[in-house]
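Okay, structure first, notes after.
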Amino acid sequence: IRFVRSIALNALLLTTVLSQVAPTVAPAPCAFKFNPTLNSNVSVYDFKSGANLVELDPSVTFVSVLDTVDITVDLPIYFQNGTDADQSGLSDINLTATKNLWTGNLFGGKTVWSGDFGILIPLANETFSSTSVVPVIGTDVSIIWDRVTLSQSVDWTILANGSSWNTLLNSQVDSQWVNGETRLDYKLTDTLSVGALMTEQWVTTGETSLILGPEVSWSPAQNWKVSAGVGFAVYQDTKQYDSVNNVVHVGIGFSF
């Protein structure tokens, strides 16, 4: 009996010592996440030629699907009321990966810098789709000071051959172009923000557009966001292409 007690006591002592010495190994976290955000935006463009263009752009973003990388998939649908004939159709599938490059402080505000890489994948040979796969690269910088947020994004559509649909010119374009958005937001309350949006575009053949107007966004619930705005053409040099009088847009987003 003493021998059995001695063995049991030694085993208990050894177990206690090993539990204090051996490190606790946590299971490796899964790198893949599934946090989708659904968005649907509708924009109505009024052109000087008399044509109207409606863009319906549903999209889904998988936030931090791979560590600090967001994946966005969207497929714009266009409805055009032209001067000659009405037409509608699908555009390209836009697949974009957004990587958080740096987070820190700049000019006294919290700064987030990210990079984008995407491709436009045509579904068919239609009016509003590209004639081949088109890469798009860009970057975005946002600075937040308490209730004020200033952000600037730039995207470069690298069209090597063929053509792709350019919404602001209301036409297929066979040149490369750069799109930019400068946004200023002010939080009136925790759920309501107002501000201004300036949209810029420069085409390598010399066409330039600058659209400016007010914006408002409202979050009626934690996972919901509703936004709306109107933009007016403050400067345009579109040469042989169509020019915009104004554009009105509304959007709704929901995150899981």
Side-chain angles (χ1 to χ4, degrees), residues 29 31 33-41 43 57 59-74 94 96-118 136-157 168 177-202 208-235 247-256:
K33 298 179 182 178
F34 187 80
N35 301 314
T37 297
L38 305 178
N39 292 283
S40 182
N41 294 285
S43 301
D57 188 11
S59 66
V60 56
T61 298
F62 301 98
V63 180
S64 299
V65 64
L66 291 172
D67 227 357
T68 56
V69 177
D70 300 342
I71 303 294
T72 301
V73 183
D74 67 311
N94 188 352
T96 306
T98 302
K99 167 69 175 176
N100 185 358
L101 300 176
W102 180 75
T103 301
N105 292 303
L106 189 65
F107 305 119
K110 178 184 177 182
T111 306
V112 179
W113 175 38
S114 61
D116 301 328
F117 177 78
V136 180
I137 60 173
T139 188
D140 180 270
V141 177
S142 296
I143 307 177
I144 304 171
W145 299 278
D146 192 21
R147 292 186 174 274
V148 178
T149 300
L150 175 64
S151 61
Q152 175 68 55
S153 66
V154 178
D155 293 302
W156 176 22
T157 302
L168 285 181
W177 67 83
V178 175
N179 274 24
E181 282 192 354
T182 305
R183 183 184 297 271
L184 180 65
D185 293 304
Y186 179 77
K187 289 185 80 171
L188 292 175
T189 68
D190 290 339
T191 60
L192 181 64
S193 297
V194 296
L197 173 66
M198 182 168 62
T199 302
E200 311 100 4
Q201 184 177 91
W202 177 79
T208 305
S209 299
L210 188 63
I211 315 295
L212 176 64
E215 296 281 309
V216 60
S217 64
W218 175 51
S219 299
Q222 183 177 2
N223 297 336
W224 286 92
K225 184 177 181 180
V226 181
S227 61
V230 57
F232 303 94
V234 295
Y235 176 79
V247 55
V248 178
H249 69 88
V250 294
I252 185 171
F254 175 77
S255 59
F256 291 90

In chain order, what residues pass the side chain to side chain donor-acceptor pair (under 3.5 Å) check against Thr68, with sequence neighbours excluded?
-> Lys99
Enumerate, atom names and distances included, each donor-acceptor pair closer than 3.5 Å involving a side-chain atom of residues 146-154, sequence neighbours excluded.
{"from": "Arg147", "atom 1": "NH1", "to": "Lys187", "atom 2": "O", "distance (Å)": "3.1"}
{"from": "Gln152", "atom 1": "OE1", "to": "Thr182", "atom 2": "OG1", "distance (Å)": "2.3"}
{"from": "Gln152", "atom 1": "NE2", "to": "Glu181", "atom 2": "O", "distance (Å)": "3.3"}

Just grab all the salt bridge (charged side-chain N to carboxylate O under 4.0 Å, His left out) pairs involving residues 100-116, residues at least two apart or on different chains.
-> none
Which residue pairs pass the side chain to side chain donor-acceptor pair (under 3.5 Å) test when at least one of the two sits in residues 220-232, sequence neighbours left out?
-> none
Residues two or more places apart in sequence or in another chain: which of them pass side chain to side chain contact (heavy atoms under 4.5 Å, CB included) with Thr111?
-> Trp102, Leu106, Val141, Ile143
Check side chain to side chain donor-acceptor pair (under 3.5 Å) between Asn179 and all other residues, then give those that pass, not counting sequence neighbours.
-> Gln201
Kindly give the heavy-atom pair with the smallest separation between Ala97 and Ile71, and that separation in Å.
-> CB-CD1, 3.8 Å
Residues at least two apart in sequence or cross-chain that pass side chain to side chain contact (heavy atoms under 4.5 Å, CB included) with Asn39, listed by chain then number, are Thr37, Asn41, Ser59
Using distance only, find each side-chain donor-acceptor pair of residues 248-256 under 3.5 Å and give its atom names and separation, not counting sequence neighbours.
{"from": "His249", "atom 1": "NE2", "to": "Glu215", "atom 2": "OE1", "distance (Å)": "3.2"}
{"from": "His249", "atom 1": "NE2", "to": "Glu215", "atom 2": "OE2", "distance (Å)": "2.8"}

Could you give the distance from CH2 (Trp145) to OH (Tyr186), rounded to the nearest 0.5 Å?
-> 14.0 Å
Flag the pair Asp140 / Val112 as yes when at least one side-chain heavy-atom distance between them is below 4.5 Å, and no otherwise.
-> no
Close side-chain approach of Val230 to Pro214, heavy-atom, < 4.5 Å | yes
Taking only residues two or more places apart in sequence or in another chain, which ones pass side chain to side chain donor-acceptor pair (under 3.5 Å) with Thr199?
-> none
Taking only residues two or more places apart in sequence or in another chain, which ones pass side chain to side chain donor-acceptor pair (under 3.5 Å) with Asp57?
-> none
Non-neighbouring partners of Val234 that pass side chain to side chain contact (heavy atoms under 4.5 Å, CB included), sequence neighbours left out | Leu210, Leu212
Donor-acceptor pair between Thr96 and Asn94 side chains, under 3.5 angstrom = yes
Can you tell me how far the CD1 atom of Ile137 sits from the CH2 atom of Trp156, to the nearest 0.5 Å?
-> 5.5 Å
